[in-house]
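A short worksheet on the structure shown next.
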Number of protein chains: 2
Amino acid sequence: MVITLAGHESRPRAGRPKRADARRNYDQLIEQAKLAFAEFGVDASLDEIARRAGVASGTLYRHFPTRLDLIEAVLGEQIAELVDLGRGLLTADDAFDALFAWLRAAITHSLTYRGLAAAVMNSALNRENGLVSTWHAEMFEVGAALLTRARRSGVVVADADEADVLKMIGAIAWAAQDASDGPAQADRLLTLLMNGLRHGGVQR
Amino acid sequence: MVITLAGHESRPRAGRPKRADARRNYDQLIEQAKLAFAEFGVDASLDEIARRAGVASGTLYRHFPTRLDLIEAVLGEQIAELVDLGRGLLTADDAFDALFAWLRAAITHSLTYRGLAAAVMNSALNRENGLVSTWHAEMFEVGAALLTRARRSGVVVADADEADVLKMIGAIAWAAQDASDGPAQADRLLTLLMNGLRHGGVQR
DNA sequence: ACCTGAACACCGTTCAAGT
DNA sequence: ACCTGAACACCGTTCAAGT
């Protein structure tokens with residue numbers, strides 16, 4: 001008798017395929033998704049993306065079973081860079097500034113495409129596919145490490161919770177995403193948050 | 001020659017109608033919308049709401065040309081109460097606590113229905129129908145007044161911007177809306193924000 | 001005045017049939 | 001293996017026809 005864990009063995013989870021035509025389609029889909037995301041946000045029509053890539057809708061679903069899989073593929077490198085940046089900042093002199101800088105970069109990243117913050121938040125809630133995507137997991141890990149270090153250094157209040165702070169980052173990104181001033185507003189809101197975190201009070 | 005301002009003269013903007021059957025439909029629509037919003041959030045299917053109210057979809061659109069009009073109608077009393085609360089708090093002893101209390105109530109209000117914070121944010125951005133809805137305008141006015149008072153009393157940092165703070169409130173509500181702990185998380189995030197606003201630093 | 005319900009234009013998702 | 005494209009089930013919105 002064979003025991004299978006439901007929902008764990010059936011996912012394609014392919015990555016870039018080997019066959020020539022399939023690989024061409026895969027690349028075209030990512031390329032067109034990138035353009036469509038830039039134009040309409042991450043809620044862009046999947047059908048339209050497939051059409052522009054010169055491919056039927058079923059093909060899109062074959063490669064990217066979920067809209068989130070497509071988003072992840074499009075943002076892959078960018079996320080890797082962000083994680084690297086965070087790891088580097090773990091040895092920076094000022095633990096407060098390091099945390100600040102990384103959160104700032106994370107927010108900037110979230111502003112790449114309209115709706116991205118909401119999509120990420122949604123993926124964090126959706127526990128169905130086992131754990132959260134590795135994507136989100138790595139981001140969380142780095143952010144949590146930076147906050148922990150800042151807390152241990154005594155530059156940040158002791159009871160700041162990782163999940164809360166990172167959730168707040170998502171919230172700020174969401175709030176600023178289609179404001180006319182955009183990044184500037186995100187900066188102001190982040191400053192508000194950091195003042196709340198700073199041990200020893202607001203500095204003016 | 002007659003000059004008309006596009007988009008300003010043609011809106012029904014009815015309110016509760018006079019004819020008996022129309023009024024019955026109107027009330028039923030609000031009643032069923034309330035139930036549907038509670039069950040599915042403010043993105044509930046309008047067709048389904050009409051169906052449950054025993055009415056064709058066109059009737060719903062006649063009374064509530066926009067989803068936002070329906071939301072406003074459903075939440076009317078609740079918003080009035082919130083505005084009244086805020087006005088009362090304007091004469092409270094402690095300007096900081098008054099601001100805190102009102103923001104807390106505003107967040108709690110936003111948690112009534114899933115998706116409400118996003119809908120409100122969206123309406124604030126959508127300048128097409130002249131100004132923002134009176135609903136939003138009154139809320140903003142009261143919130144801004146409370147913040148201004150706190151700033152003048154010197155209990156809140158001088159450069160806190162009304163629009164930023166209120167946007168942050170929306171963001172917090174959004175972040176907490178489908179968390180498992182819900183209101184508790186919203187409280188923690190709000191505390192973070194208030195610490196950032198407090199003049200003289202964090203108190204522990 | 002108000003309501004009905006069909007019609008339209010869009011979604012995402014699945015799946016049998018083809019190569 | 002991979003792709004196609006029709007089919008399905010859902011949307012919101014409009015509008016001619018009825019009362």
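Convention: sequence-line order gives letters A, B, ...; per-chain numbering from 1. What you are looking at is a predicted structure, and each value in this text was computed from that prediction instead of being measured.
For A:R62, the side-chain atoms get nearest to D:dC3 when compared with the rest of D:dG5, D:dC3, C:dA6. You'll find that the side chain of A:A22 is closest to D:dC2, out of D:dC2, D:dT4, D:dT13. Nearest to the side chain of B:S57, among D:dC2, C:dG5, C:dG12, sits C:dG5.
With a 3.5 Å ceiling on both atom-pair distances, C:dC11 lacks any Watson-Crick or G-U wobble partner. With both pairing distances under 3.5 Å, D:dC3 is matched to nothing as a Watson-Crick or G-U wobble pair. Using N1 to N3 plus N6-O4 or O6-N4 for Watson-Crick, or N1-O2 and O6-N3 for G-U wobble, each under 3.5 Å, C:dA17 pairs with nothing.
For the pair B:R24 CZ and C:dC3 C1', the interatomic distance rounds to 12 Å; values are reported in whole Å. Atom pair A:D21:CG and D:dC3:P shows a separation of 5 Å (rounding to whole Å applied). Atom CZ in A:R51 sits roughly 10 Å away from atom P in C:dC11 (whole-Å rounding). One interatomic measurement links the two molecules: CG of B:D47 to C1' of C:dC10, which rounds to 14 Å at whole-angstrom precision. Atoms OH (A:Y61) and C1' (C:dT13) sit 5 Å apart, rounded to a whole Å. Summarising the geometry, the separation between CD1 on A:I71 and P on C:dG12 is reported as 12 Å, rounded to the nearest angstrom. Atom OH in A:Y26 sits roughly 12 Å away from atom P in D:dC3 (whole-Å rounding). Distance B:D27 CG to C:dC2 P: 14 Å, rounded to the nearest Å.
Residue-level contact check: A:S45 touches the backbone only, with heavy atoms under 4.0 Å from sugar-phosphate atoms and none from bases. Counting any heavy atom pair closer than 4.0 Å across all strands shown, A:A20 reaches no nucleic acid atom.
The aromatic rings of B:W174 and A:W174 lie parallel to each other, with less than 30° between the two planes, well short of the 60° mark.
Ring-centre distance between B:Y113 and B:F40: not below the 6.0 Å cut-off.
With the nearest nucleotide of DNA chain C identified for both B:G54 and A:L46, B:G54 has the one nearer the 5' end. Looking at which nucleotide of DNA chain D each of A:R19 and B:D43 is closest to, the 5′-most match is held by A:R19.
Using a 4.0 Å cut-off between a side-chain N of Lys or Arg and a carboxylate O of Asp or Glu, A:K34 and A:E39 do not qualify as a salt bridge. Salt-bridge formation is not detected for the pair B:R114/B:D43: no Lys NZ or Arg NE/NH1/NH2 atom is positioned less than 4.0 Å from an Asp or Glu carboxylate oxygen.
Between C:dT4 and B:T59, a contact under 4.0 Å exists linking OP1 or OP2 to a side-chain N or O. Contact between the side-chain N/O atoms of B:N25 and the OP1/OP2 oxygens of C:dC2 is not found at any separation under 4.0 Å. Distances shorter than 4.0 Å separate some side-chain N or O of B:R67 from OP1 or OP2 on D:dG12. Look at A:H63 and you won't find any side-chain N or O under 4.0 angstrom from OP1 or OP2 of D:dC2.
B:T59 contributes atom OG1, which lies 7.5 Å from atom CG of B:L29 (distance to the nearest 0.5 angstrom).
Side-chain N/O atoms of A:Q177 and A:S110 include no donor and acceptor closer than 3.5 Å.
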